[in-house]
Every structure is written in C-alpha cells, then in structure tokens.
Amino acid sequence: MSEVFLGMPAHAPADVAALHAARPFPAAARDALADPQLRRNIGAATATIRGKRAHVVAELDDWEQLRLAGQAVKAATMSRLDEHLRRLEQEVTARGGTVHWARDAAEANRIVTGLVRATGADEVVKVKSMVTQEIGLNEALAEAGIAAWETDLAELIVQLGHDTPSHILVPAIHRNRAEIREIFLREMPGADPALTDDPRALAMAARAHLRRKFLTARVAVSGANFAVADTGTLLVVESEGNGRMCLTLPDTLITVMGIEKVVPTWADLEVFLQLLPRSSTGERMNPYTSAWTGVVPGDGPQEFHLVLLDNGRTAVLADEVGREALHCIRCSACLNVCPVYERTGGHAYGSVYPGPIGAVLTPLLTGTAGNPSLPYASTLCGACFDACPVRIDIPSLLVHLRSRTTQERALPSAEAVAMAAASWVMASPWRFGWAGRLARLGRLFARRGRIRRLPPPLSAWTTARDAPAPPPQTFRDWWRENRGQP
Ligand code: SF4
C-alpha cells in the first residue's frame with residue numbers, strides 16, 4: 001500500500017460534477033450509442049449475468065411463488081411503514097445503537113460528517129452503498145476534509161477512474177479488463193508495472209491496496225440491504241468480504257439506509273435471501289451475509305449509528321401508483337434484460353439509479369419536472385417486469401409517469417398539438433378528404449417512394465426515421481373513380 005494512494009482524495013469533485021451534469025436522456029444516449037467499445041463491454045457483461053440468472057432461477061420450482069411472496073411482503077410493509085420504522089428505532093436503541101432521522105440528502109450528510117468528526121477520524125472505509133451515492137456522501141465528506149475509501153472492487157475502479165457508476169450491482173460494467181488495468185497502473189501508485197489484465201491479478205492488486213485501510217480505519221460507513229424491525233438487525237449482502245471487514249473491524253459503524261429497506265421480521269428474509277442473489281449475481285446464495293444488532297461489548301464496532309433517510313421517499317409512498325417503486329431490492333435484474341440499457345449503458349440516465357428502475361425511481365424521488373425524458377427511456381417491452389424478483393410493474397409506472405409529465409407541461413407538446421389537430425381533421429369527412437389531398441404535397445419531398453427529410457417542424461420526425469411517400473391517389477378518390485360516389 002503506497003503513501004500516495006493513502007493521500008488520494010475521495011473523488012475529484014470537478015470530474016464528478018461534470019459526470020453528474022444532467023442532460024436529457026436522448027442526448028446522453030446518443031453519445032453512448034456512438035461508443036462501440038462501451039456497447040461491447042455492456043453487451044458482453046449483461047449477457048453473461050442474464051445467462052447465470054436464468055440458470056439458477058430455472059432450478060427452483062417455486063420461483064413464481066417466491067416472487068409473489070416478495071411482492072406481498074413489500075406491499076404489506078409499505079402499508080404500515082411508519083409502525084415498522086418506529087419498531088426498528090426502538091430495537092436498535094435498546095441494543096446500544098443510535099438512530100438518526102434525515103429528511104433529505106443535506107441533513108443526512110450533515111449527520112454523517114458530524115459523527116465522523118466527533119471520532120476525530122479523517123477517513124472512513126465504505127461498503128458499497130447506493131444510498132450514499134444518492135446523497136453524494138463522498139463529496140460531502142471530502143468537503144469536510146474526510147477521505148472516503150470505497151472497498152468494493154468495482155467501486156474502487158470507479159473511484160480510481162474518477163468515474164461514476166453505470167450499473168447498480170456492477171458499477172464498473174462499462175470498463176473491460178484492459179481499461180481496468182490501465183486505471184490501476186495510472187491511479188494506483190506502487191502498482192506493479194508488469195500487472196496483467198488477468199482478473200485474479202487485478203483483484204490481488206486491489207486487495208493489497210485495501211488491506212491496510214481495513215486494518216487502520218477507525219470508522220466505516222455502510223448502506224443496508226435489509227433491516228429487521230423485530231430485532232433491530234441490519235443486513236448487508238456482498239460477494240467479496242470487503243463488507244465483512246468494514247462491518248467488523250472499525251470502532252465506529254455508521255449505516256445510512258433508505259426508509260423503504262425495513263422488513264418486519266426475520267421470516268421475511270427467507271424470501272428475499274432467495275430472490276436477491278439469484279436475481280443479482282446469478283448465485284444460489286451470496287458469499288457473505290453480514291448481520292449486526294446494536295453493539296456487543298468487545299465484539300465488532302463499539303459505536304453504531306443508523307441514519308434513516310427519507311429524501312423523497314414519503315412523497316413516493318403517497319403516490320398510490322408510484323409507491324410500488326419502493327419495493328425495489330436493487331438486484332439489477334431489470335437492467336440486465338433491458339434492451340435500452342444494454343445499448344446506452346447507465347451514465348445516460350444521469351442518476352445513480354440507471355436502467356428501468358432508474359427511469360421510474362429518479363423522477364419519483366426528485367420530480368418529473370427535472371427528468372421529463374426518463375419515463376420515455378423504455379420500449380415498454382415488459383422484460384423488466386418478467387425479471388423483477390418482487391414483480392414491480394415498471395412498464396405501468398413508466399406510463400403513469402409519462403402521463404404526469406404530459407400534465408405538468410406548461411405548453412402542450414408538439415405531439416399533443418399534432419394529436420389534437422388529427423382529431424379535429426378526422427371528426428369531419430370533408431376535412432379528412434381535403435387533408436388526404438393536401439398530404440399528397442409530401443410527394444414533392446419523396447425520393448424512390450420514401451421521404452427522408454421534411455422541413456421544420458415535421459423535421460423532428462425525419463431526423464431519426466423516414467416515411468413512406470403518400471400514394472398518388474387517396475383511397476376516397478380511388479373509390480369514387482372505381483365504385484362511384486361513397
Ligand atoms: S426493479 Fe426489480 S429487477 Fe429492477 S433492481 Fe429493483 S428489484 Fe431488481
């Protein structure tokens with residue numbers, strides 16, 4: 001472990017700001033589509049995960065029953081979320097932990113920064129956590145002079161590459177082995193110049209870097225996959241063992257958790273711990289399941305803080321249709337089957353939550369006004385629903401959000417104007433007849449039976465597709481000519 005690595009900032013804020021600069025999905029997707037290497041990397045990775053998932057799901061006779069059970073538990077939990085959260089607070093507190101409530105990202109960041117400062121530490125080790133990315137915790141800690149060290153291998157690659165995650169489960173899915181080797185050689189001081197792009201060699205290089213951090217860090221920050229209200233127990237599932245190190249070695253553990261992650265009882269985990277690994281990594285069970293309950297004297301962190309984050313979730317809960325998005329267990333199966341995600345990758349979604357679930361969760365959490373194009377980032381093919389282990393009806397949520405986007409528009413969209421005009425024309429046989437004759441003017445723009453370019457505003461249609469030339473004779477004229485008056 002080199003000293004230079006130890007002094008590396010948590011993120012290069014300027015890079016992160018640039019990468020997070022939200023652009024409408026269509027513009028960002030166009031850039032992604034022009035990158036064939038990106039498409040190859042993502043296509044290969046998602047195909048592999050899809051194959052593994054299909055294999056282990058096919059082993060279970062009761063997969064559909066498990067999905068129904070997962071859906072039912074989530075729906076029942078959401079309907080009494082306040083009760084379960086109060087029970088969780090009560091149990092965590094009774095077992096020596098401290099619970100903090102954060103309304104939004106700023107409040108959560110203030111709480112975590114204050115807690116780390118109170119320990120006197122100037123660095124923390126982190127377990128992979130979507131929610132801390134959602135609130136920009138690393139950047140907030142960096143501003144307070146506290147370095148945050150990602151310990152998940154893929155998150156480390158993203159952090160060293162001054163990049164942002166592009167997949168829920170495999171944040172560096174857009175990078176191939178050769179690119180990762182280059183990042184390590186460039187950003188990981190002390191990396192062996194003879195480092196190859198063999199996966200084991202890359203993993204061992206990261207392991208050597210991280211080990212000293214695990215052994216010296218006094219504070220760890222984690223997310224949580226689940227929290228059991230009954231006993232006040234938190235759970236993290238992971239594959240590399242880095243989480244286990246962070247959750248057991250430091251003196252202080254701070255867990256930031258979205259309020260929707262609570263489940264009422266341990267029995268509910270029986271369902272989710274079967275659904276999650278099969279849907280995410282395509283494994284029968286995940287290699288590490290770490291569970292902790294408050295503080296145990298002489299064993300593990302002696303100070304435990306749980307930050308319960310709202311950040312828009314109660315508003316989503318109040319949306320009777322949209323609340324289903326809170327059932328998500330972040331397995332990423334919907335990303336791996338989505339034809340749009342496979343071609344654009346995750347950065348095009350401009351959010352830490354990419355893919356189909358991101359296309360609904362981001363607008364729900366932050367408002368459709370700031371993300372009007374995301375609900376349209378889908379073909380509505382339904383593959384996401386079929387893959388979702390808790391049966392979230394993402395296509396219906398997308399349609400719901402499209403409707404909301406349309407209603408929120410100050411001015412009617414070109415599509416709405418066109419539809420209103422079409423309705424007016426079609427309401428009258430006389431107007432419809434004349435419209436058919438006028439449409440024949442389109443033949444002036446046609447070449448070999450196709451119209452490839454139209455003048456504005458109709459050019460919005462022909463920039464991405466062409467249109468058949470109108471026939472020389474309308475059907476009405478043909479009928480009149482051949483069959484007499486209609
Ligand atoms: S929406 Fe369903 S499939 Fe997608 S990440 Fe969430 S739980 Fe997994």
Side-chain angles (χ1 to χ4, degrees), residues 42 45-46 49-50 52-54 56-57 63-64 66-75 77-78 128-131 133-134 154 165-171 173 223-226 235 237-238 257-263 268-269 271-283 286 313 316 319 321-342 344-346 349 351-365 374-375 377-401:
I42 293 178
T46 51
I49 305 173
R50 275 200 308 270
K52 285 177 71 182
R53 175 194 169 275
V56 293
V57 164
W63 181 250
E64 285 309 314
L66 274 172
R67 289 180 76 212
L68 286 164
Q71 180 185 30
V73 171
K74 281 290 180 182
T77 306
M78 290 305 144
K128 180 182 175 328
S129 148
M130 299 299 297
V131 80
Q133 286 166 17
E134 176 189 324
S166 63
H167 190 276
I168 290 176
L169 186 77
V170 198
I173 197 170
N225 291 97
F226 304 100
L235 267 94
V237 298
E238 42 120 9
M257 187 191 98
I259 53 174
E260 78 280 19
K261 293 296 179 77
V262 69
V263 293
D268 300 317
L269 294 178
V271 174
F272 295 116
L273 292 182
Q274 291 186 73
L275 289 172
L276 182 55
R278 282 185 157 84
S279 302
S280 54
T281 50
E283 293 168 304
N286 40 281
R313 285 160 175 78
V316 179
D319 179 337
V321 180
R323 64 162 57 174
E324 204 183 338
L326 295 178
H327 297 186
C328 176
I329 56 173
R330 309 281 189 268
C331 71
S332 74
C334 57
L335 278 65
N336 300 329
V337 298
C338 176
V340 176
Y341 176 87
E342 189 175 348
T344 65
Y349 293 80
S351 158
V352 295
Y353 301 113
I357 186 60
V360 294
L361 197 56
T362 306
L364 282 166
L365 287 174
L374 274 183
S378 168
T379 62
L380 301 182
C381 68
C384 47
F385 170 71
D386 292 341
C388 180
V390 287
R391 294 171 51 90
I392 298 175
D393 188 355
I394 295 178
S396 294
L397 294 183
L398 287 162
V399 172
H400 169 66
L401 289 170

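If you read the sequence from its start, that first residue is 1, and numbering goes on from there. All ligand and atom numbering here is 1-based and tracks the order in the structure. We use all heavy atoms of the structure for the numbers below, so side chains are in, but hydrogens, waters and symmetry mates are not.
In plain terms, the two heavy atoms of V237 and N225 that are nearest each other are N-OD1, 2.8 Å.
Under the ring-ring contact (aromatic ring centres under 6.0 Å, His included) criterion, H327 pairs with no residue at all, not counting sequence neighbours.
Judged by distance alone, with hydrogens and angles left aside, the side-chain atoms of E324 form a donor-acceptor pair with the main-chain N or O of D393 at under 3.5 Å. Looking at R50, its side chain does come within 3.5 Å of a backbone N or O of N336 through a donor-acceptor pair.
Each protein N, O or S atom less than 2.8 Å from atom 2 (Fe) of ligand 1 was counted, giving 1.
Annotation: cation-pi geometry not satisfied between R278 and F272 (NZ/CZ under 6.0 angstrom from ring centroid, within 45° of ring axis).
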Q: Given side-chain contact (heavy atoms from CB on, under 4.5 Å), test V390 with C328 step by step and report yes or no.
A: CA-CA 7 Å; V390 287; C328 176; 5.8 Å; no
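If you look at S332 next to ligand 1, the close heavy atoms, those under 4.0 Å, all belong to the backbone.
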